[in-house]
Amino acid sequence: MQNDTLVFDLINKELQRQRNGIELIASENFTSMQVMQAMGTVPTNKYAEGYPGKRYYGGCEVVDEIEQLAIDRLKKIFNCSWANVQPHSGAQANGAVYLAVMKPGEKFLGLDLSMGGHLTHGSPANFSGKTYQAIHYGVTKDGLVDYEQLETKARAEKPKMIICGASAYSRDWDYKRIRAIADEVGAIVFADIAHPAGLIASGLLNDPFDHCHIVSSTTHKTLRGPRGGIIMLRHDFENPWGIKDPKGNLRMMSSLLDLAVFPGTQGGPLEHVIAAKAVAFGEILTDDFKVYGKQVISNAQAMASAFVKRGYNLISNGTDNHLMLIDLRNKNITGKKAQETLDKAHITLNKNAVPFDDKSPFVTSGIRVGVPAVTTRGMQETQMETLVDFIDKVLMHIDDEKTIATVAADVKSFMKDFPLYPQLG
Ligand code: DSN
């Protein structure tokens with residue numbers, strides 16, 4: 001069946017790369033076989049613009065059931081009253097939230113990208129910074145969210161929306177405090193939980209849903225599903241801006257968000273991906289997933305201690321979640337050099353700006369290290385020591401090709417004990 005050997009050979013090459021390497025990119029994970037299988041199925045052939053029960057095409061009765069199942073499972077995971085599972089990605093989900101909440105040119109407050117925030121939280125290079133007026137808060141010298149700065153800026157600037165959530169922040173969030181300031185200035189609180197969603201689903205971190213009006217996430221990071229986005233509300237509410245439907249009724253926030261996803265920012269949903277989301281959500285509802293979440297946090301803490309023991313400078317001195325951010329300036333290595341050299345040893349992570357970085361985003365002074373993927377491969381605390389040993393050996397011999405080649409061979413042999421997709425041959 002697979003005649004296009006050029007493409008399938010490359011896919012197989014990627015499988016071998018994933019099998020042989022240590023995956024420490026904090027935003028990556030390995031889906032189950034059944035999640036992957038669901039993605040490669042016939043709903044990919046179906047157009048289904050609209051929502052279950054209200055589509056613009058015929059023949060949607062089965063994909064309606066699939067999408068409704070995904071919605072129902074997701075609502076159960078986070079105890080929500082409404083969910084939209086159609087966003088193709090986290091950026092799409094965030095774009096839809098902004099469209100629902102703000103008019104072009106209106107103001108929002110988010111964590112600065114250079115302090116751990118996300119591109120879609122108002123970077124000037126992103127639609128969010130180009131379309132809206134983005135202002136930012138940062139972190140303190142200790143690497144913790146600067147809530148005082150957030151409050152001062154919120155009072156001075158009166159943003160329409162305050163975003164909490166990050167891409168490179170290793171600590172939990174005080175959602176309650178953010179909601180209090182938002183209520184004072186009349187802002188909507190939007191939490192982008194793309195990174196820690198799986199840990200929140202397992203009840204291991206603060207619950208944003210009671211304090212944040214709107215919550216978005218990706219589905220492929222700690223949630224371990226297919227690539228995609230979601231938007232959720234625990235409590236639906238009437239929009240505070242007087243927006244009415246054609247019958248003159250005030251629109252609920254859920255209605256504005258549905259409209260912002262389709263037809264606002266997307267056309268046909270990817271029903272094969274939604275099927276895979278439904279499978280992943282089913283997995284998240286099992287006890288096994290809670291065990292996974294606990295192990296992720298234990299592994300991250302074991303890894304953080306192992307780095308500190310070897311003299312590495314962790315932003316905020318540790319982690320509450322699945323990742324850590326390491327400032328390499330005391331080791332005299334740039335993030336770029338570290339990433340590129342570790343790649344040669346089959347250890348994958350990403351360079352990352354650290355707070356108050358003096359280097360460009362292409363170089364950076366730090367690396368971000370995350371454990372969701374290695375935890376999925378079955379690693380526990382003792383293996384975290386081994387991983388840090390590998391990383392330390394490479395970084396301490398950064399220009400020594402021979403040592404790097406030795407570590408590469410050791411990594412390959414070490415990873416044989418943690419099989420990945422053995423069913424794929
Ligand atoms: N680029 C993702 C990350 O690595 O955190 C977020 O979109």
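The chain is numbered in sequence order, starting from 1. Counting convention: from 1, in listed order, for ligands and their atoms alike.
- For atom 5 (O) of ligand 1, the closest heavy atom belonging to the protein is H195 NE2, 2.7 Å.
- The protein heavy-atom contact nearest to atom 3 (C) of ligand 1 is S27 OG, 3.3 Å.
- Close approach of ligand 1 to S167 (heavy-atom distance below 4.0 Å) involves ligand atoms 5 (O), 6 (C).
- With T131 contributing its side chain and P104 its backbone, the two residues share no donor-acceptor pair below 3.5 Å.
- Looking at M396 and K331, their side chains come closer than 4.5 Å, going by heavy atoms from C-beta outward.
- Remark: minimum distance from atom 1 (N) of ligand 1 to any protein heavy atom is reached at H118 NE2, 4.4 Å.
- The closest approach between any non-hydrogen atom of E28 and ligand 1 is not below 4.0 Å.
- A cation-pi arrangement is not found for R234 relative to F78, the charged atom failing to lie both closer than 6.0 Å to the ring centre and inside a 45° cone about the ring normal.
- In this pair, W173 and Y175 present their aromatic rings parallel. The plane angle is below 30°, not in the 30 to 60° band.
- Looking at H220 against ligand 1, nothing comes within 4.0 Å, counting heavy atoms.
- Under the side chain to side chain contact (heavy atoms under 4.5 Å, CB included) criterion, S305 pairs with no residue at all, not counting sequence neighbours.
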